[in-house]
Number of protein chains: 2
Amino acid sequence: MSLPTTSDFLPHIAYDSVIFGFSKGKLKILLMEYHDTGWFALPGGFVGKNEDLNHAVQRGLKERTGLENIYLDQFYTFGNLDRHDPEVMKTILAANGYLVKDDFWLLDRFLSIAYYALIDYEKVTLLPDSLSDSIDWYDIDALPDLILDHRKIVDKALQTLRENLDRKLIGGKLLPERFTMKELQQVYEAILGEKIRRSSFQRKILGLEILERHEKLFTGKSHKAPFLYSFKE
Amino acid sequence: MSLPTTSDFLPHIAYDSVIFGFSKGKLKILLMEYHDTGWFALPGGFVGKNEDLNHAVQRGLKERTGLENIYLDQFYTFGNLDRHDPEVMKTILAANGYLVKDDFWLLDRFLSIAYYALIDYEKVTLLPDSLSDSIDWYDIDALPDLILDHRKIVDKALQTLRENLDRKLIGGKLLPERFTMKELQQVYEAILGEKIRRSSFQRKILGLEILERHEKLFTGKSHKAPFLYSFKE
DNA sequence: TATTATTGTCTCAATATGTAACAATAGATC
DNA sequence: GATCTATTGTTACATATTGAGACAATAATA
């Protein structure tokens, strides 16, 4: 196991990903916890010298989640000077046994291109990277402190996701292929952070004619069974 | 006069700006024309090693237009490999009398962070950079061919501007401090590329209660004089 | 068979938008 | 000064769209 080297990757350029999942009525994101430090950060990475930017992000997501062809939206590139703090990376590397010189490329200033991803929580197989103890889901309403400006990145991701929700009809990306109307509504509520009126929601979504209605789902509960839906391709 | 050097700027990182103006009922953008080549490109630049990304863009805009505190929106970072074509930059440099080696930093691959700007057409003083013959306004509906992927950047800028128009209420940024309702409507029509019903538009905009109504504008024409409006701060 | 929880749909009110008309008015024409 | 023209600000009415609640249907339980 070795550190990424400056000959393989573009200097000064990184990406960070805010990976959203949905489980038990809650919106969650993936965070990495670095060895020893107790520090949390967004999953991120670097761009190969001969690699498309979007490919680098897809590659990183596959390494962490096992998933391919993930829904991704690039939402902002963070390029302020105040996001540069070489001590943070130095400490993370030191905690992993890497003692590097002050001019080591990972200690340089980085611009970060930020993406959010929407994935099916159930399909994920989590795998930490070499510098991390763990990667795990955290409730969006109860995040630990994050390194550098990662909290700002999360906030802007959520803001963008909210703005895009109706426009791009991406709520379903957080659910399995087939889902009930109630589940879809819960996704919307979790993203928007507010309750939605059931009848209005159902009427609006069905009115868009983007859903296919399938068989009913019998859960064994003593009440009317809901239909299952999927998005038309 | 000399070329920017790799010791002053971050390698592999550029920005491009789609600068919108509005004049005579038409939406326009600024393009640079490079010496001899006859090639057109978006105004762009590089980020200083100790400079905020947003500052670099504001700095570039000031150099080209004379304006400060321009309204800017970052909308996408272009990072595909296929946008790399060293021959283009080589030719531009050669046309300016610069013969550079193949490993010259400006011939490297660049990621470009793209912004659109909205400015008051009347307030601009255009100034080309050292590699360009001229910088000038071009009707958005009649652009010349652009180098590299700059046409794609323009298209995405316009698309984003359209999506943001109602949400961010930025139409007025293209007009002087005070303007008539008809002028504002023409801005909206130019951006959206479609006619808008006069009464609906007026009702909607006034209903937002973001405009201040001032004195009437007497143009000498033989009809009712329109009010002047400004945006509430 | 009655009960409970939840679903799909409908109704009516409130709000927003499309469409057209009307009255007001600044200057031109006579 | 009276009339005409072009354009403006506003209103009226029809047509969606959305908010809020009610109602009937139904899967399992008692």
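We name chains A, B, ... by the order of the sequence lines, and we start the count at 1 in each one.
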Colleague: Distance criterion of 3.5 Å, no angle test: do you see the side chain of A:Ser199 paired donor-to-acceptor with the base of D:dG21?
Modeller: yes
Colleague: Figure out the CG/C1' separation between A:Leu228 and C:dG8, and round it to whole Å.
Modeller: 15 Å
Colleague: Rounded to whole angstroms, how far apart are CD on B:Gln202 and C1' on C:dG18?
Modeller: 16 Å
Colleague: Calculate the interatomic distance between B:Lys195 atom NZ and C:dT19 atom P; express it in whole Å.
Modeller: 15 Å
Colleague: For nucleotides 23-26 of chain D, list the nitrogen or oxygen atoms of the protein found under 3.5 Å from its nitrogen or oxygen atoms, one pair per line.
Modeller:
from: D:dT26; atom 1: O2; to: A:Lys224; atom 2: N; distance (Å): 2.9

Colleague: Tell me whether B:Arg213 forms a cation-pi arrangement with B:Phe227, defined as NZ or CZ under 6.0 Å from the six-membered ring centre and within 45 degrees of its axis.
Modeller: yes
Colleague: Using whole Å, report how far CZ of A:Phe227 lies from P of C:dT7.
Modeller: 12 Å
Colleague: For B:Leu217 and C:dG27, give me the distance from atom CG to atom C1', rounded to whole Å.
Modeller: 14 Å
Colleague: Does one side chain, of B:Tyr71 or B:Asp73, offer a donor that lies under 3.5 Å from an acceptor on the other?
Modeller: yes
Colleague: Rounded to whole Å, how long is the line connecting atom CE of A:Met181 with atom P of C:dG8?
Modeller: 7 Å
Colleague: Using atom CZ of A:Arg213 as one end and atom C1' of C:dT9 as the other, report the distance to the nearest whole Å.
Modeller: 10 Å
Colleague: Could you check whether B:Gly220 gets within reach of a base, just the sugar-phosphate, or nothing at all, counting any heavy atom under 4.0 Å?
Modeller: sugar-phosphate
Colleague: Rounding to an integer number of Å, can you tell me how far A:Glu183 CD sits from C:dT7 P?
Modeller: 10 Å
Colleague: Polar-atom pairs under 3.5 Å, protein N or O versus N or O of nucleotides 17-19 of chain D: list them with distances, or write none.
Modeller:
from: D:dG19; atom 1: N7; to: A:Arg203; atom 2: NH2; distance (Å): 2.9
from: D:dG19; atom 1: O6; to: A:Arg203; atom 2: NH1; distance (Å): 3.2

Colleague: Using a strict cut-off of less than 4.0 Å between a Lys/Arg side-chain nitrogen and an Asp/Glu carboxylate oxygen, indicate whether B:Arg59 and B:Glu68 qualify as a salt bridge.
Modeller: no
Colleague: Under 3.5 Å, is there a donor on one side chain and an acceptor on the other for A:Asp16 and A:Tyr115?
Modeller: no
Colleague: Centroid-to-centroid, A:Phe110 to A:Phe46, below 6.0 Å?
Modeller: yes
Colleague: Does the side chain of A:His214 pick up a donor-acceptor pair with the side chain of A:Ser230 at under 3.5 Å?
Modeller: yes
Colleague: In the structure I gave you, are the side-chain heavy atoms of B:Leu42 and B:Met32 within less than 4.5 Å of one another anywhere?
Modeller: no
Colleague: So, A:Glu63 side chain and A:Asp129 main chain: donor-acceptor pair closer than 3.5 Å or not?
Modeller: no
Colleague: Is the closest side-chain donor-acceptor distance between A:Tyr116 and A:Asn164 under 3.5 Å?
Modeller: yes
